[in-house]
Amino acid sequence: MKITFLGTGTSQGVPVVGCKCDVCQSNNPKDNRLRTSVLVETDDEIFTIDAGPDFRQQMLRQKVSKLDAILVTHGHKDHVGGMDDIRAFNFLQKKPMTVWANELATASIRSEFAYAFADDKYPGVPDFDLKLISNNDIIIGNTKITPIPLKHLNLTVHAFRIGNFTYITDANFIPEVSWKLIEGTEILVINALRKEKHISHFNLKEAMEVVNIIKPKKTYLTHISHLMGLHSKISKVLPDNVEFAYDGLILKTNS
Ligand SMILES: [Zn+2]
Ligand SMILES: [Zn+2]
Ligand SMILES: [Zn+2]
């Protein structure tokens, strides 16, 4: 399985519009972060986790010409805001886009893109095939994906586990039942917003506490704010088996 980081930035992206800080002014491409998403390529299918406001740009940048599904972690705008552009795939593939989302995220998508669910649709609107995430595994082609419920302040968000790979974003609390589902993960992606405490995201210290419990072979931090600092500087503070993800980073797993 091949994982490509399409975006690794927090909700505003990095650079932040109008910001003059060192990170936002940096020439290092690793300091440019589109909104958080990954592309997952298995032996037979290709899907993204989330489709935020940069979805169109991410599909173009990665030259994606086929997309089988989108898995949604939660309904915040930075994770679903780009779904109008599934139209391109509707047109190419001549079918609705399969979108897996939990109950609250489904409600967000329906309200965000109400015109796509209207009784009398304008021609050419995005065509969704919404599928509800429950406690059951999701099957996409030959791949089994386990949804893992987590808390993002008081909102239920879903992490996803595929074999030895687990992808967590926008969480700041892992319920007891979910630890068991994450156990044994060898490659972990987890959100780490910044160094300071935040109300709804793990900060760097809290993400590292999760890493120290799960003990994956390799961890990648994502959903990063400009407040975290320059990639070249912050990378030096991490242990060898943990790194800050960056846009375009590719991982290969054997799951
Ligand atoms: Zn987010
Ligand atoms: Zn900045
Ligand atoms: Zn969020």
Side-chain angles (χ1 to χ4, degrees), residues 5-39 48-58 70-83 99-109 111-113 133 147-160 166-175 178 188-204 206-207 210 220-235 244-247:
F5 286 86
L6 300 173
T8 56
T10 187
S11 58
Q12 299 188 86
V14 184
V16 176
V17 171
C19 185
K20 299 280 193 288
C21 82
D22 284 356
V23 177
C24 292
Q25 298 295 315
S26 165
N27 292 323
N28 183 349
K30 290 181 180 171
D31 288 316
N32 284 348
R33 303 181 184 278
L34 296 180
R35 265 60 72 91
T36 289
S37 174
V38 285
L39 184 70
T48 67
I49 301 180
D50 292 327
D54 299 316
F55 176 71
R56 173 178 173 276
Q57 189 183 346
Q58 290 163 332
I70 299 170
L71 297 176
V72 175
T73 58
H74 65 303
H76 281 165
K77 184 85 94 179
D78 57 322
H79 298 262
V80 301
M83 286 192 184
V99 176
W100 287 91
N102 65 27
E103 216 165 319
L104 283 169
T106 299
S108 299
I109 292 166
S111 97
E112 179 94 3
F113 305 101
I133 293 177
I148 304 172
L150 306 171
K151 287 290 180 190
H152 182 25
L153 187 60
N154 51 12
L155 180 72
T156 297
V157 305
H158 276 87
F160 299 106
T166 299
Y167 183 86
I168 296 174
T169 191
D170 290 58
N172 71 331
F173 179 74
I174 302 178
S178 298
L188 176 68
V189 176
I190 185 166
N191 61 300
L193 185 76
R194 61 187 192 191
K195 297 181 196 94
E196 294 77 21
K197 181 94 181 146
H198 189 272
I199 188 174
S200 62
H201 285 274
F202 288 131
N203 64 8
L204 181 57
E206 291 161 338
V210 175
Y220 299 88
L221 305 175
T222 193
H223 209 286
I224 296 160
S225 158
H226 64 149
L227 299 173
M228 188 70 92
L230 290 166
H231 190 275
S232 57
K233 282 195 185 157
I234 55 178
S235 297
F244 287 100
Y246 53 87
D247 290 23

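Each ligand, and each atom within it, is numbered from 1 in the order the structure gives. Nothing here was measured: the structure is a model prediction, and the numbers come from that model.
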Taking only distance into account, with no hydrogens and no angle test, what donor-acceptor pairs under 3.5 Å do side-chain atoms of residues 10-25 form with protein atoms, sequence neighbours excluded?
unit_1, atom_1, unit_2, atom_2, d
Thr10, OG1, His223, ND1, 3.3
Gln25, NE2, Cys19, O, 3.0

Show me the side-chain donor-acceptor pairs of residues 147-157 shorter than 3.5 Å, one per line, residues at least two apart or across chains.
unit_1, atom_1, unit_2, atom_2, d
Lys151, NZ, Thr156, OG1, 2.9
His152, ND1, Asp170, O, 2.9
His152, ND1, Ser200, O, 2.7
His152, NE2, His76, ND1, 3.2
His152, NE2, Asp170, OD2, 3.3

Short side-chain to backbone donor-acceptor contact, Asp50 and Gly52, under 3.5 Å |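 No, because the side chain of Asp50 does not come within donor-acceptor range (under 3.5 Å) of the backbone of Gly52.
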What is the distance from atom CG of Leu6 to atom CG of Leu34, rounded to the nearest 0.5 Å?
->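 With rounding to 0.5 Å, CG (Leu6) is 8.5 Å from CG (Leu34).
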Looking at CZ of Phe202 and CD1 of Ile190, how far apart are the two atoms once the value is rounded to the nearest 0.5 Å?
->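 The CZ atom of Phe202 sits 5.0 Å away from the CD1 atom of Ile190.
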In terms of ring plane angle, is the pair His231 and Phe244 parallel, tilted or perpendicular, where the classes change at 30° and 60°?
->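 Perpendicular.
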What are the two closest heavy atoms between Thr73 and Tyr167, and how far apart are they?
->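 Answer, listing the atom of Thr73 first, then Tyr167: CG2-CE2, 4.4 Å.
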Return the minimal non-hydrogen interatomic distance between Asn203 and Glu196, and the atom names on each side.
->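 The answer is CB-O, 3.2 Å.
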Do NZ/NE/NH1/NH2 and the carboxylate oxygens of Arg35 and Asp54 come within less than 4.0 Å?
->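 Asp54 and Arg35: salt-bridged.
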Using a cut-off of 2.8 Å, find all protein N, O or S atoms closer to the Zn ion (ligand 3) than that distance.
->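 Per the 2.8 Å query on the Zn ion (ligand 3), atoms found are His74 NE2, His76 ND1, His152 NE2, Asp170 OD2.
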Among the protein atoms near the Zn ion (ligand 2), how many are N, O or S and lie under 2.8 Å away?
->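 Those protein atoms number 4 in total.
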